[in-house]
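Have a look at the structure below before the remarks.
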2 protein chains.
Amino acid sequence: MSSIATLNDVAKLANVSKMTVSRVINHPEQVTDELKQLVFKAMKELNYQPNFAAKALAANTTRIIKLIILEKVDTVEPYYATLLMGVAQFLNGHQYALQVVTQKNAGIGDCDGYIITGARQSDFEWIQELNRPTILFGENRHNYDFVDSDNKYGTFLATSAAITDGYEHIIYFGIELKESFEYSRERGYMGTMQKAGRDPQIVRFGNHSSESQNYIQEHWQEFEKNTCFVCSSDRLAIGVERGIQHMNGNIPEDFGIIGFDGVFLDQIAEPKLTTVKQPVMDMGSKSAELLLQKINWGLPLTEDHQPTRTHRMEIAFSPELIRRQTTRNYHLT
Amino acid sequence: MSSIATLNDVAKLANVSKMTVSRVINHPEQVTDELKQLVFKAMKELNYQPNFAAKALAANTTRIIKLIILEKVDTVEPYYATLLMGVAQFLNGHQYALQVVTQKNAGIGDCDGYIITGARQSDFEWIQELNRPTILFGENRHNYDFVDSDNKYGTFLATSAAITDGYEHIIYFGIELKESFEYSRERGYMGTMQKAGRDPQIVRFGNHSSESQNYIQEHWQEFEKNTCFVCSSDRLAIGVERGIQHMNGNIPEDFGIIGFDGVFLDQIAEPKLTTVKQPVMDMGSKSAELLLQKINWGLPLTEDHQPTRTHRMEIAFSPELIRRQTTRNYHLT
DNA sequence: AACAATTCTGTTACCGATAACATCAACGAA
DNA sequence: TTCGTTGATGTTATCGGTAACAGAATTGTT
């Protein structure tokens, strides 16, 4: 029951120097196959795990990545929690530590890079002060690299499904926010409607189920049967669902509902929501991967520590339509 | 725009040796006030932040705490997410890194200690193999230190409130699980009922809203008006709420509902749930604090790395009854 | 065969902090 | 005065890795 094995232990067992072992790990092409085999054997035998702190110290880095979650403090959105798991998973596998912070604590310790989620227009003022590689989670108009789902494609999927399912009227319930992701979703809806020769109709709300629910109830007489509500979030969709149920509307026969996000809320609803599901966990992993690339690629840094590049990275994950109980054809899936 | 200041920088500026600076931080009583002032001034001037990795390496520790979340992988409970934020907050302030892992990855790297949440009876087999200080999140019968809410007191609060509000029948909807926390909650309910001379009635379900909803609908004729359902989770409570709504029961006049947890789900419900709210974030912070105590107290370690103590630590946070719209007297709060 | 070029492997120094030890000054007791 | 004691500060070695350099062995060239 000895303690954790070190480079030195491996080196002794393999009868080589520390440096050779280090090279086997970091520059294997510089070591002969013969020695490599010896070293691999020793590593396996001792179950060698490189020491995180020593690596960081030697490389003059922190090996800490900060995930900044910008949100009101009281509740944590399951969306962000899932994202976090994705980020954590990737970083764990690459000997990086994850530090979860809110804006308030963001500046406190040093780190090698940032992943920022939930950024609004007003946040970019301080975000640009960060002098470390940064990846945003969510599309933006500020030339920052980002990972997001393909929002436009998402509402295309939803709107197309509504059309396919034979709903005559298709209304978009958007989020009242001047943010890039919302514009993209609205464009996806508008484009699909126009191509199909349909009349688009958009209403916007704060992102709370109560707002969409109230709207449904107060404007109930305006909604004809055979209407589908394409929503920009599962929250709004839940509100729509409740509103329709309250007015004794028939879901999904007379009224269809399609949400957006597919994290937790869609499953909580009853009947369960048809929704545009984002692969949030994968997106989290990818954000981390991209960030590590930026950190390690050794791109030339300007004096404000931003790499000099001509193009930014934009990774858009394709969302997926999950058909459940709030649209027709549920049985066909 | 120099890089991060080190001990050495501070030492030079203050005209002392590194060791003196280190001592000012770790053993201030060994340094004269005069020098201390000089050092403090230099630290402030350079905005000195100790280097995490160097600290870890010198102390032969990892300064990594693993938070093991035992749960099905697909969705992350908001409950655990909130807990995580609490843990993260405390650790960030104490120069410890948090690593979020699932059971599968739990063994992979080294760490200084574990916080485990969601542990079931069957998990204790491998938990006891962990040779590092451990804190469980959630009461248990295995002599592990833990942090939890006072479950018994929670159902006491709920049951008392139901009595106070004048509900004649009070039924407990429990979770079908042979776990300590559930027993405690049931005891809280039973004890309060008996003291009040009431007839207790307990039904148990898997922790899914559909199960409690179905039960309500299928047994609807058995429930007299003026009944309150005290539930062991907000999930079950949401199911009860939907079931009653589906049967056109009147909430809260004829039927009261009280949930348990107070994280996210209670706010999602409509009408919003009266619930027993746990201070999950504080509980997370406290878990981290306790764990660091165990790690640093330097308790004598037996050869399996468990400190030799005669008593275990049990920290029970008092939950709080949040009155909302599923019980009477909502307006009185 | 002699020497340069090319591999390959080992040695040294260092990253930033800390424990253990060494040094030095001030002071009191004999 | 001299020596031991105490308290404050500096010096050295170390944690586990890695870059940079040094040295040894192999190969190629004329």
Side-chain angles (χ1 to χ4, degrees), chain A residues 2-40 42-43 46-64 94-97 109-112 295-296 298, chain B residues 2-39 42-43 46-64 94-97 109-112 296 298:
Chain A
S2 62
S3 60
I4 299 287
T6 72
L7 255 199
N8 231 327
D9 300 331
V10 176
K12 272 184 211 151
L13 185 59
N15 255 309
V16 296
S17 72
K18 291 203 312 184
M19 225 22 241
T20 301
V21 180
S22 173
R23 272 192 277 255
V24 168
I25 295 168
N26 300 302
H27 311 283
E29 75 285 357
Q30 299 177 8
V31 182
T32 54
D33 288 347
E34 192 185 11
L35 282 192
K36 256 186 289 203
Q37 293 315 319
L38 280 177
V39 170
F40 281 137
M43 293 202 316
L46 297 173
N47 185 30
Y48 171 71
Q49 305 277 136
N51 181 302
F52 168 87
K55 254 183 127 100
L57 188 57
N60 247 329
T61 62
T62 63
R63 292 193 87 83
I64 291 174
H94 292 255
Q95 289 263 313
Y96 273 82
D110 195 15
C111 69
D112 291 350
I295 292 172
N296 296 322
Chain B
S2 62
S3 61
I4 299 287
T6 71
L7 254 198
N8 231 326
D9 302 330
V10 176
K12 272 183 211 152
L13 184 60
N15 253 310
V16 297
S17 72
K18 293 200 314 182
M19 225 23 240
T20 301
V21 180
S22 173
R23 273 192 276 255
V24 168
I25 295 167
N26 300 302
H27 310 284
E29 75 286 356
Q30 299 177 10
V31 183
T32 53
D33 288 348
E34 194 184 8
L35 282 191
K36 255 187 288 202
Q37 294 316 317
L38 281 176
V39 171
M43 294 202 317
L46 297 173
N47 185 30
Y48 171 72
Q49 304 276 136
N51 181 303
F52 170 86
K55 254 182 126 101
L57 188 56
N60 248 329
T61 62
T62 63
R63 294 194 85 81
I64 290 173
H94 292 256
Q95 290 261 313
Y96 272 83
D110 196 14
C111 69
D112 292 350
N296 297 322

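In the text below, chain A, chain B and the rest are named by the order of the sequence lines, each starting its count at 1. Computed from heavy atoms alone, side chains included, the values below leave out hydrogens, waters and symmetry copies.
Residues B/E29 and B/H27 form a side-chain contact, since some pair of their non-hydrogen atoms from C-beta on lies under 4.5 Å apart. Residues A/F52 and A/K55 are not in side-chain contact: their nearest non-hydrogen atoms beyond the backbone lie 4.5 Å or more apart. B/V16 is listed as a side-chain neighbour of B/V21, based on a closest heavy-atom distance under 4.5 Å.
One finds the CG atom of A/L13 at 13.5 Å from the OH atom of A/Y48 (value rounded to the nearest 0.5 Å).
Of the side-chain N and O atoms in B/N60, none sit less than 4.0 angstrom from OP1 or OP2 of D/dT14. At the phosphate of C/dT18, OP1 or OP2 sits under 4.0 Å from a side-chain N or O atom of B/S22. Contact annotation: B/T20 reaches the phosphate of D/dG10 (side-chain N/O to OP1 or OP2, under 4.0 Å). Between A/N51 and D/dC15 there is no side-chain polar atom (N or O) within less than 4.0 angstrom of OP1 or OP2. Within the 4.0 Å cut-off from OP1 or OP2 of D/dT18, not a single side-chain nitrogen or oxygen of A/H27 is found.
Comparing D/dT11, C/dA17, D/dA20 by their nearest atom to the side chain of B/T6 picks out C/dA17. Out of D/dG17, D/dT9, C/dT9, the shortest distance to the side chain of B/V31 is found at D/dT9. Distances from the side chain of B/R23 to the nucleotides C/dT18, C/dA19, D/dT9 place D/dT9 closest. Taking every side-chain heavy atom of B/M19 into account, D/dT11 is the closest of C/dG16, D/dT11, C/dC15.
The overall bend of the helix from C/dA1-D/dT30 to C/dA30-D/dT1, read as the angle between its terminal helix axes built from five base pairs each, is 60° when rounded to 10 degrees.
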Should B/D9 and B/T6 be marked as a side chain to side chain contact (heavy atoms under 4.5 Å, CB included) after you check the CA-CA gap, both sets of side-chain angles, and the distance that decides it?
-> CA-CA 5 Å; B/D9 302 330; B/T6 71; 3.4 Å; yes

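Where A/K18 and A/T32 meet DNA chain C, the nucleotide closest to each residue was compared, and A/T32 sits on the side nearer the 5' end.
For the pair A/N15 CG and C/dG10 C1', the interatomic distance rounds to 13 Å; values are reported in whole Å. Rounded to whole Å, atom P of D/dG17 lies 11 Å from atom CG of B/D110. Between B/D112 atom CG and D/dC15 atom C1' the separation is 14 Å, expressed in whole Å.
If you check every strand for non-hydrogen atoms under 4.0 Å, B/F52 touches nothing.
Partners of A/T61 under the side-chain contact (heavy atoms from CB on, under 4.5 Å) rule, at least two apart in sequence or in another chain, are A/A56, A/A59, A/R63, A/D112.
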